[in-house]
Amino acid sequence: MPLNESLANGLESMARLMDLLGEDSFKSAAHARAARVIADLPGDVAALASDRPSLLALPGIGPKMADKIIEFVTTGRIAEHEALLSQVPPGLLALLEVPGLGPKTVRTLWQQGGVTNLTSLERIIADGSILALPRMGAKAVEKIKANLTFAKSAPTRLWLGRAWTLAETFLARVRDLPGVAQAQAAGSLRRGRDTVGDIDLLVALRPGYESSAHAVGEAFRGAPDVAEVLAAGDTKSSVRVALNHDAGRWKHADGAKAPDHTVQVDLRVVPVAAWGAALLYFTGSKAHNIRLRERALSKGLTLSEWGLFPHDGDATPPHTRGITPVAADTEAHVYAALGLPWIPPEAREDHGETDMPGPWALVDLADIKAELHAHTTASDGLLTIRELAEEAKRRGFHTIAVTDHSQSSSIANGLKPDRLRRHLDAVRKANDEIDGITILAGSEVDILADGSLDYDDELLARLDIVVASPHAALSQDSTACTERLLRAVRHPLVHILGHPTGRLINRRKGLEPDMAALIAAAKEHDTALEINAHWMRLDLRDTHVRQAMNAGCLIAVNTDAHAREDFDNLRFGVMTARRGWVTPDRCLNTWPATKLHAWLKRKGR
DNA sequence: GCCGTTTTCGGCCCGACTGTTTTCAGTCG
């Protein structure tokens, strides 16, 4: 496990243990916040820990937290963490994963009911002794029982691409109903996180159509594949959906049947006058919302999902007292009233975005005019060269790169040198015959385990574009894979490092190279780093993209298209780019044809 | 435990919902 991750887990565990022990909740929250900061850190915490002031410059990291971080980096442990662990039964933390069980309840179960793990919880439910505990009635116990079984089943988060499709089917059912002014996904789906825990949908009703809320809720709950209705109010509905497992292209890759997904979908219905405040609130992140609310208070205002209101000290919520909001109808108005530019959803993670002056100009889906990584029937794609080019043209691209697999990828029908030579001729011929788009002759060349490339330099030099990617030996240790990828990044004929870690989300971890070293080399050798847009990959991941942007690297957002519909995945790659604050000038795929082609020619020549 | 362009001490986001209670504690997002 990478250092950042294990440290973040440790701090998070400390926070949970403090909750269970009933310690100061603000102290616990401070540890939880520090855990999040470390987990999202673009870069290695070990490098920061060697310089205490840079650690203290991080938000939420003060002198005491800095000492704990330094202790962990230098000794691999935090003494205080171990002291906390010794006071709590080891099985108790698992109880916090059960929906509906929070720290207070678990503490009561432990100290007054003798519960130390999931098994002993089940025992006191079975023998009825749980009912003697405070605030434990029949209904509460039924709820715990139901959630226990749910908590034990698959807790994996859903892929962004699958969540997107599911959200669209729900939105389509309600979008055109009478009175619906807006219908949109919020939450981590809108923020473009690589996986989502649940799906949040938001609908706004026009004035006079308040009674439509009922019909909206019914249409929502009547969607296909709804396995269970959890809540059925007029302003809030909640369902669980059973999804068949579908891993796209990797469907049968490991032969094993992966568990089906159960995902919760929540719908909220709000008046259109509060659309902006509600969308802002339900999009999150929670940390971003807290930041905005603190900012509101400092300006004598108070922010909720109902709007931004004057803060008059009255404990009754302002929207229930007929107070007119300062801003509520659009997100932009709320941000403006807080003295901020509109912040793109993908950047709302409390990673310093509220300190940016704006306006924000991140790369946008509409900016993408070139696809630099695509496969044809020559290797494992489904489209011919001509079909691929026509599809790219139809999507408004000025350039498409044909980059079929190289010889070592035999499972993907990789091309031996002689086949590649003939393929290059075919691509060049198609380029001459088809107007309105440039078809580049390239290859997705395997980076072999030792870092050498799968074709010799003489052949590589004949290509218009070289995307070098790791496909095999993906469980190499960190030192070996860093050397391996560095060799590829430094190679003068490589333009783009394709899906740098080879991870498959929810499926395999992939390589864990020294990202800082890789990024520095990419910058030095003018090699672009790919964000592979397939929702199974999203590789580079968001935090590494941000790190690469900070270092001044070039980014390529590629679909790795094998079929026509794969071009639709571009939005997920772009969202990942935006999460890394990528601007169009640093993204190859947005460049005008002349600039892009000149850059490709310049390399290695 | 962190933090400060009114504060280096005394704060620390907001509201809905649920189930337990007779006025509210706990959880969730």
Side-chain angles (χ1 to χ4, degrees), chain A residues 11 14-15 18-19 22-37 55-69 78 80 95-109 131 133-144 147 186-189 191 196-202 230-238 264-270 274 277-278 280-309 311 314-321 338-339 350:
Chain A
L11 292 172
M14 288 175 75
M18 289 173 191
D19 289 340
E23 292 191 17
D24 178 21
S25 64
F26 293 108
K27 184 176 168 184
S28 151
H31 282 77
R33 182 180 181 204
R36 204 175 44 75
V37 168
L55 216 46
L56 289 169
L58 292 174
I61 307 293
K64 291 189 176 168
M65 206 65 79
D67 287 341
K68 292 176 199 183
I69 293 169
I78 299 174
E80 187 186 347
L95 268 63
L96 289 174
E97 302 304 315
V98 180
L101 289 189
K104 301 274 176 58
T105 311
V106 172
R107 184 172 155 82
T108 305
L109 289 168
L131 291 165
L133 297 176
R135 308 191 60 80
M136 280 296 161
K139 274 187 169 173
V141 174
E142 272 314 304
K143 219 170 157 180
I144 293 173
N147 283 328
S188 51
L189 176 55
R191 300 201 312 279
V196 306
D198 59 16
I199 295 177
D200 297 302
L201 304 179
L202 196 60
L230 302 170
D234 275 356
T235 60
K236 180 183 170 177
S237 280
S238 209
Q264 184 168 330
V265 186
D266 296 330
L267 171 78
R268 327 264 174 159
V269 183
V270 302
L280 192 56
Y281 171 73
F282 288 113
T283 297
S285 66
K286 185 175 174 173
H288 180 80
N289 287 349
I290 290 174
R291 183 70 66 184
L292 294 187
R293 287 169 177 193
E294 286 170 350
R295 193 180 178 97
L297 283 179
S298 75
K299 292 181 179 299
L301 301 166
T302 175
L303 176 63
S304 77
E305 60 266 49
W306 296 95
L308 184 64
F309 297 89
H311 185 55
D314 192 324
T316 312
H319 72 275
T320 62
R321 291 183 281 130
L338 292 171
D350 190 25

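By convention in this document, chain letters (A, B, ...) are assigned in the order of the sequence lines, proteins followed by strands, and residues within each chain are numbered from 1.
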Span that lies between the [atom1] atom of [M] and that of [N], in whole angstrom:
N: B:dC17; M: B:dC13; atom1: P; answer: 22 Å
N: B:dT20; M: B:dG26; atom1: C1'; answer: 10 Å
N: B:dC3; M: B:dT7; atom1: C1'; answer: 10 Å
N: B:dG10; M: B:dG15; atom1: C1'; answer: 25 Å
N: B:dG11; M: B:dT6; atom1: C1'; answer: 14 Å
N: B:dC12; M: B:dT8; atom1: C1'; answer: 15 Å

*Would you mind pulling out the nucleotide paired to B:dT27, Watson-Crick or G-U wobble, both distances under 3.5 Å?*
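Check on B:dT27: paired to B:dA16, both distances under 3.5 Å.
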Name the closest nucleotide to the [X] side chain, picking from [options].
X: A:Thr105; options: B:dG1, B:dG26, B:dC13; value: B:dG26
X: A:Ile290; options: B:dT27, B:dC13, B:dG29; value: B:dC13
X: A:Glu294; options: B:dC2, B:dC12, B:dT27; value: B:dC12

Expressed in angstrom and rounded to an integer, what is the separation of [X] atom [atom1] from [N] atom [atom2]?
X: A:Asn147; N: B:dG26; atom1: CG; atom2: C1'; answer: 14 Å
X: A:Asp19; N: B:dG26; atom1: CG; atom2: P; answer: 12 Å
X: A:Lys64; N: B:dC3; atom1: NZ; atom2: P; answer: 13 Å
X: A:Asp266; N: B:dC28; atom1: CG; atom2: C1'; answer: 10 Å
X: A:Leu56; N: B:dC3; atom1: CG; atom2: C1'; answer: 13 Å
X: A:Arg36; N: B:dC2; atom1: CZ; atom2: P; answer: 15 Å
X: A:Lys27; N: B:dC3; atom1: NZ; atom2: C1'; answer: 17 Å
X: A:Asn289; N: B:dC12; atom1: CG; atom2: P; answer: 18 Å

*Looking at the angle O4'-C1'-N9-C4 for a purine or O4'-C1'-N1-C2 for a pyrimidine, is B:dT7 syn or anti, with syn meaning within 90° of 0?*
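Here B:dT7 takes the syn form, which means its glycosidic angle is within 90° of 0.
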_Most 5' of A:Asp200 and A:Ile61 on DNA chain B, judged by nearest nucleotide_ =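 The residue whose closest nucleotide sits nearer the 5' end is A:Ile61.
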*Upstream residue (5' side of DNA chain B) when A:Asp24 and A:Arg268 are each assigned their closest nucleotide*: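 Looking at the nearest nucleotide for each, A:Asp24 comes out on the 5' side.
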_Closest heavy-atom pair and its distance - A:Leu55, A:Ala66_ =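 Of all heavy-atom pairs spanning A:Leu55 and A:Ala66, the closest is CD2-O, 3.8 Å.
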_Please find the pair of heavy atoms, one from A:Thr283 and one from A:Arg191, that lie closest to each other, and give the distance._
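Here A:Thr283 and A:Arg191 meet closest at O-NH1, 2.7 Å.
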*Would you tell me if any nitrogen or oxygen in the side chain of A:Lys104 comes within less than 4.0 Å of OP1 or OP2 on B:dA25?*
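For A:Lys104, the contact criterion (side-chain N or O under 4.0 Å from OP1 or OP2 of B:dA25) is not met.
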*Counting N and O atoms only, with roles assigned by atom type, does the side chain of A:Asn147 sit under 3.5 Å from a partner on the main chain of A:Val98, one being a donor and the other an acceptor?*
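No: the side chain of A:Asn147 does not pair with the backbone of A:Val98.
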Evaluate the side-chain proximity of [Y] to [X]: yes if any heavy-atom separation is below 4.5 Å, no if none is.
X: A:Asp200; Y: A:Asp198; result: yes
X: A:Arg33; Y: A:Asp350; result: yes
X: A:Met136; Y: A:Thr105; result: yes
X: A:Arg295; Y: A:Leu303; result: no

*asked:* Does the structure show A:Phe26 stacking with B:dC2, if we require the centres to be closer than 5.5 Å and the planes to be within less than 30 degrees of parallel?
replied: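 The ring of A:Phe26 is not stacked on B:dC2.
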*Taking protein heavy atoms under 4.0 Å as touching, what does nucleotides 14-22 of chain B look like 5' to 3' if B marks base contact, S marks sugar-phosphate-only contact and - marks none?*
BSS-SBS--
*Using a distance-only test with no angle check, is there a side-chain donor-acceptor pair under 3.5 angstrom linking A:Ser28 and A:Glu23?*
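No pair is found: no donor N or O on one side chain lies under 3.5 Å from an acceptor on the other.
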